[in-house]
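As the structure is a prediction and not an experimental result, all values here were calculated from the model.
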Amino acid sequence: SSTNVTSADQILSIQAIGGELGVATEDLKTFAETVSNLDVATDLNAEEAATSLGQLDNILNDLNGSTMPNFADALVRLGNNGASTESAIADIASRIGAMASIIGMSTPDVLAWASTIASTGQGTEAAGTAISKTMSDIETAVAYVTSGTDKYVATPDAVNMLKAEYALWMYATQAGGDDYLALADE
């Protein structure tokens with residue numbers, strides 16, 4: 001290739017991996033360029049970068065052809081400026097990506113968490129599993145509490161407060177708070 005240090009054969013191979021992983025046809029050129037750049041600038045080889053980016057493209061709602069270069073830029077910056085490698089960040093991002101997407105995290109959120117976790121030096125498998133389980137537990141608890149099927153109400157100041165107590169707390173807050181203890185005793 002005259003505009004890239006990656007050979008034309010390798011670019012085709014990268015595009016093939018992208019196609020196998022479900023990257024949209026119109027995004028394959030950007031995908032291949034992004035992976036090629038990651039191959040040159042990081043400790044990821046082309047196949048690892050293609051697999052990671054292709055999988056995350058399918059998992060994360062806001063990662064697509066137009067945002068892939070930003071993803072790569074952020075990954076390189078995190079790897080260069082943090083206490084972790086790009087391969088560890090990408091591995092953890094792949095491991096937590098599905099659960100992170102379910103709870104509404106953006107691609108930058110996932111990269112930030114992955115970088116932070118990778119910087120602790122924990123093994124990527126154990127760390128990814130632990131964080132995904134924690135996210136799942138939190139999402140389940142929030143869904144349960146906010147569904148109205150529980151006697152508890154979740155708010156920043158009233159976690160696990162009985163609904164009756166919460167109603168009194170809200171009334172007291174609106175009334176200036178002085179009457180809360182009197183109301184609670186009734």
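The distance from the OG1 atom of Thr42 to the CG atom of Leu78 is 12.5 Å, given to the nearest 0.5 Å. Here OG of Ser119 is found 6.5 Å from CD1 of Ile89. Values are rounded to the nearest 0.5 Å. Taken to the nearest 0.5 Å, the OG1 atom of Thr67 stands 12.5 Å off from the CG atom of Asp73. Between the CG atom of Leu56 and the CD1 atom of Ile96 there is a distance of 9.5 Å, given to the nearest 0.5 Å.
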Tell me which donor-acceptor pairs under 3.5 Å the side chains of residues 10-26 have, and how far apart each pair is, sequence neighbours excluded?
none

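Between the Ser115 side chain and the Leu111 main chain, no donor and acceptor come within less than 3.5 Å of each other. Ser136 places no side-chain N or O within 3.5 Å of a backbone atom of Ser132 that could act as its donor or acceptor partner. Judged by distance alone, with hydrogens and angles left aside, the side-chain atoms of Ser36 form no donor-acceptor pair with the main-chain N or O of Ala32 at under 3.5 Å. Of the possible donor and acceptor atoms, none in the side chain of Thr107 sits under 3.5 Å from a partner among the backbone N and O of Leu60. Side-chain atoms of Ser101 come within 3.5 Å of backbone atoms of Ile59 as a donor-acceptor pair (strictly under, hydrogens ignored). Side chain of Thr120 to backbone of Ile117: a donor-acceptor contact under 3.5 angstrom is found. Asp43 places a side-chain N or O within 3.5 Å of a backbone atom of Ser87 that can act as its donor or acceptor partner.
A single hydrophobic cluster is seen to contain both Ile103 and Val110, as judged by linkage of ILVMFWY side chains at heavy-atom distances under 4.5 Å, directly or through other members. Hydrophobic clustering (ILVMFWY, side-chain heavy atoms < 4.5 Å, transitive): Val40 and Leu53 are in distinct clusters.
Pro69 and Ser66 get closest at one heavy-atom pair: CD-O, 4.0 Å. Shown here for Ala93 and Ala114, the closest heavy-atom pair between the two residues is N-CB, 3.6 Å. Nearest heavy-atom pair, Phe31 versus Met68, reported as atom, atom and distance to 0.1 Å: CA-SD, 3.7 Å. Scanning both residues, Gly128 and Arg95, for their nearest heavy atoms gives CA-CB, 4.0 Å.
Counting only heavy atoms from C-beta outward, the side chains of Ser94 and Thr51 never approach each other to under 4.5 Å.
Among Leu75, Leu38, Asp91, the one residue that satisfies the side chain to side chain contact (heavy atoms under 4.5 Å, CB included) test with Glu86 is Leu75.
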Go through the steps to decide whether Thr34 and Phe71 satisfy the test side chain to side chain contact (heavy atoms under 4.5 Å, CB included), and finish with yes or no. CA-CA 9 Å; Thr34 303; Phe71 171 89; 5.6 Å; no
Could you give me the CA-CA distance, side-chain angles and deciding distance for Asp137 and Thr134, then say whether side chain to side chain donor-acceptor pair (under 3.5 Å) is met? CA-CA 5 Å; Asp137 290 347; Thr134 301; 5.7 Å; no
Derivation of the side chain to side chain contact (heavy atoms under 4.5 Å, CB included) call for Asn45 and Asp39: CA-CA 5 Å; Asn45 66 39; Asp39 180 31; 4.3 Å; yes
Please report the C-alpha distance between Val35 and Leu44 in whole Å, then the side-chain angles of each, then the deciding distance to 0.1 Å, and finally whether the side chain to side chain contact (heavy atoms under 4.5 Å, CB included) criterion is met. CA-CA 9 Å; Val35 168; Leu44 291 161; over 6 Å; no
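Of the N and O atoms on the side chains of Asp27 and Thr30, not one donor lies less than 3.5 Å from an acceptor on the other residue.
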